[in-house]
Every structure is written in structure tokens, then in C-alpha cells.
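So the structure is just underneath, and the comments pick up after that.
As the structure is a computational prediction, the values presented were derived from the model and not from experiment.
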Amino acid sequence: MPRKKARTISKSAPKAINLHDLLGRPAINLDTPELQRFLAGKRVMVTGAGGSIGSEICRQTMKFCPERLLLVEQAENNLFEIDRELRYTWVGTDIRPYVCDITDAGRVEQIFAAEKPHVIFHAAAHKHVPMMEINPGEAIKNNVFGTKIIADAAATHGATAFVMISTDKAVNPSSVMGASKRMAEMIVQQAGSVDPHGHGLLSMPRESASATRFLAVRFGNVLGSSGSVVPIFQRQIEAGGPVTVTHAEMTRYFMTIPEASQLVMQAGAIGQGGEIFVLDMGKPMKIVDLAKELIRRNGLKPGKDIEVRFTGIRPGEKLFEELAGDDEQTCPTGHEKIRVWQLPTFSREHVQRSLQQLAVASKAGKDESIAALRDAVPEYSPGNLGSTRRAGAVAPRLRLVGGNEAEVAA
């Protein structure tokens, strides 16, 4: 049977797409003097430096004259590209690229011992929801234990601040990725403390609790990031369609890459330690509306020139993401677009016990990994919890129980 020819659409060259225009809201501005005080003259490390968010944090950081920028990245090609870009833009500055897997504790220790970074932006993570559903052990290894290794190195070597990039998928998670990032948040909240025997989170002796300020920042989807919907939709449009959307009612919170990166940096500047910050991302958008708007901005008509096809919800996905759970409260900060999530932290004993169970389970198999995540993150419910929930319906609630831990109330 002869192969079907690819469809072609007669049209003029598409206009350049301004991603921020797709959001339909004003751009978010920074408190530049505060960031100048936070970063100027400091040794700044960015893990996942070759990724969409990590690379943008690198670009933004250079504007505030750090003493040195340390690029930590596992993917050699991505590291080469951001290193070359920064050196071209900022001639003569001190930029040091490190090929490093964040789960390699020996390599991480080597870099921290040599560089003694003041500020760490931890952006390295496995983030693709359906892929992590198939590979839960890798999500645990990278998102949980990679975070633990970097955080403890920051405390051991006297960093000033450690800022972890989290996600709205960590709220009432239905996915392995979301649950692993929620566990990473727990680690960050406990990372600066020591037990009565003077041991840190990794049972490494310390004289006192770390002076490092540990915090996490939650936000939703980032327009234009690697693997996000906009570049996928754009490629589908350029190929003549169809543009594929999982569900007609699926909504997400969106920011641009510069907005998300700048607010992460801002949160690092204002955090006192132990907080989980939530970025104000405006109102959630329907994915199908975003797809149709992108088609129109390419000079085409949805449904006529380009088909919009619904493919069904993928494993681990929810219809409606949340930035804070139903029983969670947030309070304002000095920046109008940054709020602090308020819920008592899990106990140190729970975090330590969970880490021990996850270490064993991640090497055993998929079912064991998911079971260990369920024990570690009580609000985690695999199998698309909330994925078919109607807008406005009540999600399972978190309530506090003995030992300052949380459990899901049915």
C-alpha cells in the first residue's frame, strides 16, 4: 500500500509567537535591589543548569554579578550549550561547568568541597508524568535521593541558601512524579536540622543545625519549556495537524520561563528557611483553549485548517491541578506574587523512616516503589486521583494527626 503523503497547508509564514501574550495577564516584576543583595558577589550553583528553568536561572543570575556561576548538569550536550551561551554573553566572567549526576554523592561532595557555593538553585529533576509512572524507581532515585544528597552537601559546606524547584503536582499527588517531589519538599523542610545525637538528615555528624536556609518553590506548567505543550502544539501545527489534547476540560496553571525563574530567585531572597513558597500564577487555563489560540496565532482556523483531537488522559494526570490543597493555607510575603504554604511539617522520624523504605523499594521494582511512596506521602493516591473530578468538587482533605504528621481523611 502506498504511503499517505503528509498534509500541507497553504499559508504565509507563521508570526513569531509571544508566549506571554498567551497568558492574558500582565507580566510579573521583580524586586531587583533585593536580588542584588542576595546574589551579588556570591558563588551560585544551579543544578539541572541545562534544562529550561535551570538555564534561565543561570541567565538571570548573571545580571546580578555573582562571583562565580557553577553549572551542574548530567546531560553533557545541554551543559555545553548553556556554558557556551553564557560565556558569549558575559565575556570574562567566572563560569564553571560540571558534568554531574546529582545521585552520585561522591561527585557532589567533590564539587561542593572545591567550590563552597553560597546559593544553590536545585532545578535538576525528572519531571515527565507519564514517563515516571513507568519508571518510579528512577523518580525516587533522582527526585528524592538526588535532592537529599544536594541538600545535605549544602548544609555540610555552609551554603547560605538552598532553593528547590517544586511543582503543583506535589499537591494531593496522583502521579509518581508529584509524590516524589512532595517527598523532596519534606526533605528540604528537614534538611537544616540535626537530631539529638548531632546527625543531619543523611546521618552525617554536625556540631549544630545548619545555618543554610532551605526552602522550596511550587509553580505550575511553564510555557515553552522542554516537553511542554506549546512547543509540542507548534510542531503539530507546522506538520499540518492534528493538535492533540488529552481532555476537553483539562486545565493547568501557566507561567513563562523568565517569570518562573525570576520568582524562584525572588523566593530564595526573601525566605527565612523551612518554607514552601507558592507562586501566584493567575487563573488556570484550559489546554484546549491554549491550543486553539496557538492555531489562530499561526494564521489558521481551529477545526477547519487544523484539527483538534482529544486523545484521553494519560497515566498519572489530573484534570485540574492545584497549587495548594483544600485544607492548606497560605499567607502573604513581601512580594505580591509569592505566598507561603502553611501546614505543619512531617516529623523527622517520618522522613527518616520513609527514606529508608524508599531506598529499598526503588531497587526492588515498580509496585514496591509505588507502595513506599504511598507510605511516605499519605495524600498520594495512584490512579488518577482527581483526574476526572469536576471543577469545584471537593478533593480528599489533609488532616493533622499525632507526631505532627498528616494523613488522608476519607
Side-chain angles (χ1 to χ4, degrees), residues 47-48 51 74-75 101-105 122-151 164-188 201-202 216 218 221 226-228 232 246-247 250 252 311-322 325 346 350-389 395-396 398 405-408 410:
T47 72
Q74 182 180 19
D101 180 344
I102 62 169
T103 67
D104 184 342
H122 178 46
H126 289 328
K127 67 177 184 177
H128 293 286
V129 170
M131 191 171 293
M132 291 303 102
E133 292 299 301
I134 301 171
N135 302 280
E138 292 302 302
I140 292 170
K141 183 170 71 174
N142 198 74
N143 295 355
V144 175
F145 288 98
T147 296
K148 183 178 70 170
I149 288 169
I150 298 291
M164 187 196 84
I165 311 299
S166 191
T167 171
D168 56 357
K169 294 172 178 61
V171 183
N172 291 328
S174 65
S175 66
V176 165
M177 194 281 276
S180 67
K181 293 296 281 186
R182 178 69 187 107
M183 184 65 204
E185 290 180 348
M186 296 181 202
I187 290 169
V188 169
L201 193 62
L202 283 179
R218 283 180 182 171
N221 292 44
S226 175
S228 65
I232 291 173
T246 54
H247 193 285
M250 183 166 282
R252 290 292 182 269
T311 58
I313 297 172
R314 300 176 298 175
E317 287 186 325
K318 293 192 281 187
L319 275 184
F320 311 102
E321 294 291 1
E322 307 157 275
F346 282 76
H350 174 83
V351 175
Q352 290 280 22
R353 183 174 64 251
S354 297
L355 288 172
Q356 293 169 0
Q357 293 172 344
L358 287 166
V360 174
S362 63
K363 299 173 184 176
K366 180 178 179 180
D367 293 342
E368 292 84 354
S369 294
I370 291 175
L373 278 172
R374 292 187 72 173
D375 288 340
V377 183
E379 64 266 39
Y380 169 44
S381 182
N384 292 335
L385 169 65
S387 64
T388 57
R389 180 163 58 86
L398 297 176
E405 297 179 7
E407 69 176 20
V408 175

Going by the rule side chain to side chain donor-acceptor pair (under 3.5 Å), which residues pair with [X] if we only count those two or more places apart in sequence or in a different chain?
| X | answer |
| --- | --- |
| Ser166 | Glu185 |
| Ser175 | none |
| Glu138 | Lys141 |

Side chains of [X] and [Y], heavy atoms from C-beta outward: is any pair under 4.5 Å?
| X | Y | answer |
| --- | --- | --- |
| Arg218 | Asp168 | no |
| Ile102 | Phe145 | no |
| His126 | Asn135 | no |

Please identify each residue that fulfils side chain to side chain contact (heavy atoms under 4.5 Å, CB included) with [X], with sequence neighbours left out.
| X | answer |
| --- | --- |
| Ala371 | none |
| Ala123 | Ile165 |
| Thr246 | Met250, Thr311, Arg314, Glu317 |

Between Asp101 and Gln74, is there a donor-acceptor pair closer than 3.5 Å when you use the side chain of the first and the backbone of the second?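 Judged by distance alone, no pair lies under 3.5 Å.
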
With Glu368 via salt bridge (Lys or Arg N to Asp or Glu O under 4.0 Å) - residues at least two apart: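 Listed in chain order: nothing, the list is empty.
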
Give the table of side-chain donor-acceptor pairs shorter than 3.5 Å for residues 355-364, with sequence neighbours excluded, one pair per line with atom names and distance.
from: Ser362; atom 1: OG; to: Leu358; atom 2: O; distance (Å): 3.1
from: Ser362; atom 1: OG; to: Ala359; atom 2: O; distance (Å): 3.2

